[in-house]
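Everything below concerns the one structure shown next.
In this chain, residues are counted from 1 in sequence order.
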Amino acid sequence: MTKIGILEGSLRKASLSRAVARSASALAPSGMDVTILPSTESLPHFNQDILDEGIPASVTELAAAISAVDALLIVTPEYNWSIPGALKNAIDWLSRLDPLPLSAKPVAIWTVSPGLLGGARVHESLRQTLHSQDMRIMAKPEIQIGGAKGKVDVEAGIVTHEDTAAFLGKHLVAFDAFCKSWTGRS
């Protein structure tokens, strides 16, 4: 069983990307366990002064949840052509821990947007940041859900567009194989 932890890039309760993240469990193949990781909302802004006083409990909780899964699926919007601040802040906190909870962990990225590009521009900057953590990034196929308002029911937390749901399901099958190639499991 591959355990996938979903890290959400948006804090908004009625977020399109959050709804897509919450749909992943229903789209996952047999043999894949999908769980939503703790929200990054409770993490303080990274500040060395806070770190010098000790790791905040919210950071420890997130790190423990990440350590308990085999791989990460990051589902995020794009903010100003880049990574949402709360997501980047979470990665900054996690990068200060020893051992590094993200190191050598397989990761895939899904971006979601009401716009036509589907969050395409965040992939490069997010990958660069994930590389700094020595993560195993599944680069292809890229998942960018454009025009998401017509494909997602935010209140129900489901992908309503059949072709999009099928595409995400196929991606999860490929991600499962990718994860197993790094972990040595079959």
Side-chain angles (χ1 to χ4, degrees), residues 1-25 28 32-112 119 121-139 143 154 157 172 175-176 178-180 182-185:
M1 171 91 45
T2 305
K3 295 179 186 176
I4 305 295
I6 297 181
L7 188 58
E8 297 174 338
S10 177
L11 300 178
R12 185 174 175 222
K13 288 179 182 26
S15 161
L16 290 164
S17 62
R18 177 173 276 184
V20 171
R22 307 275 162 144
S23 74
S25 183
M32 179 181 275
D33 179 34
V34 178
T35 185
I36 302 293
L37 295 171
S39 173
T40 59
E41 187 170 16
S42 62
L43 302 178
H45 292 287
F46 179 78
N47 178 331
Q48 186 65 43
D49 293 336
I50 296 171
L51 179 60
D52 289 345
E53 293 175 14
I55 303 293
S58 56
V59 175
T60 302
E61 177 188 2
L62 179 60
I66 289 171
S67 295
V69 297
D70 300 313
L72 287 185
L73 173 60
I74 297 175
V75 184
T76 187
E78 170 189 304
Y79 289 177
N80 299 313
W81 298 5
S82 192
I83 308 167
L87 178 58
K88 178 65 167 69
N89 184 56
I91 296 167
D92 289 344
W93 271 113
L94 294 166
S95 74
R96 299 315 196 270
L97 302 179
D98 185 19
L100 294 171
L102 300 177
S103 181
K105 199 164 287 274
V107 62
I109 303 165
W110 291 0
T111 57
V112 184
R121 293 173 289 210
V122 73
H123 281 260
E124 181 179 354
S125 55
L126 184 52
R127 282 189 194 133
Q128 180 180 7
T129 301
L130 299 175
H131 274 298
S132 79
Q133 298 308 296
D134 196 31
M135 295 192 80
R136 308 303 181 240
I137 302 167
M138 181 176 167
I143 301 296
V154 171
L172 288 170
F175 188 45
D176 189 40
F178 179 82
C179 293
K180 288 174 179 169
W182 285 102
T183 61
R185 285 188 271 152

Heavy-atom side-chain contact between C179 and D70 under 4.5 Å: no

Are side-chain heavy atoms of S58 and L43 found at a separation under 4.5 Å?
yes

Hey, can you tell me if F175 and F178 have their rings parallel, tilted or perpendicular (30° and 60° cut-offs)? parallel

- prompt: Does some side-chain heavy atom of P101 sit less than 4.5 Å from a side-chain heavy atom of L97?
  reply: yes

Can you find a heavy atom in the side chain of V20 that is under 4.5 Å from one in the side chain of W110? yes

Do the side chain of S103 and the main chain of L100 share a donor and acceptor less than 3.5 angstrom apart? no

Is there a donor-acceptor contact under 3.5 Å from the side chain of S15 to the main chain of L11?
-> no

Sub-3.5 Å donor-acceptor pair from the side chain of K88 to the main-chain atoms of S82, do we have one? no

| request: Decide, yes or no, whether a salt bridge links R136 with D134 under the criterion of side-chain N to carboxylate O below 4.0 Å. | output: yes

Can you establish whether the number of heavy atoms outside Q128 located under 6.0 Å from its atom CD is more than 12?
-> no

Whether over 12 other heavy atoms sit under 6.0 Å from R12 CZ = no

Task: Under 3.5 Å: donor-acceptor pair, side chain of T111, backbone of I143 - done: yes

Are the side chains of L87 and L7 in touch, meaning some heavy atoms are under 4.5 Å apart? yes

What one should report as the nearest heavy-atom pair of D92 and R96 is O-NH1, 3.2 Å

By side chain to side chain donor-acceptor pair (under 3.5 Å), T60 pairs with (sequence neighbours left out) none

Note, K13 side chain near R18 side chain (heavy atom, < 4.5 Å): yes

Sub-4.5 Å side-chain heavy-atom contact between I74 and V107: yes

Taken to the nearest 0.5 Å, the spacing of L130 CG from S95 OG works out to 11.5 Å

Shortest non-hydrogen pair, A65 vs P38, comes out as CB-CD, 3.5 Å

d(L37 CG, I6 CD1) to nearest 0.5 Å is 8.0 Å

Heavy atoms of I50 and P44 approach each other most closely as CD1-CB, 4.1 Å

Correct closest heavy-atom pair for P106 and W182 would be CG-CB, 4.0 Å

In this structure, CD of Q133 is separated from NZ of K105 (nearest 0.5 Å) by 12.5 Å

Shortest non-hydrogen pair, V34 vs A28, comes out as CG2-CB, 3.7 Å

The reported gap from NZ in K3 to CG in L72 (rounded to nearest 0.5 angstrom) is 14.0 Å

query: Does S10 reach the main-chain N or O of T76 with its side chain, forming a donor-acceptor pair under 3.5 Å?
result: no

query: Considering residues, nucleotides and ligands other than D52, do more than 12 of their heavy atoms fall under 6.0 Å from its CG?
result: yes

Inset, instruction - For the pair N89 (side chain) and F46 (backbone), establish whether a donor and an acceptor sit closer than 3.5 Å, ignoring hydrogens and angles. - result: yes

Output for pair (I36 CD1, I4 CD1), nearest 0.5 Å, gives 11.5 Å

dist R127:CZ -> S132:OG (nearest 0.5 Å) comes out at 14.5 Å

Closest non-hydrogen atoms of A86 and T40, given as atom of the first, atom of the second and distance, are CB-OG1, 3.6 Å

Does the side chain of V75 reach to within under 4.5 Å of the side chain of E8, using non-hydrogen atoms?
-> no

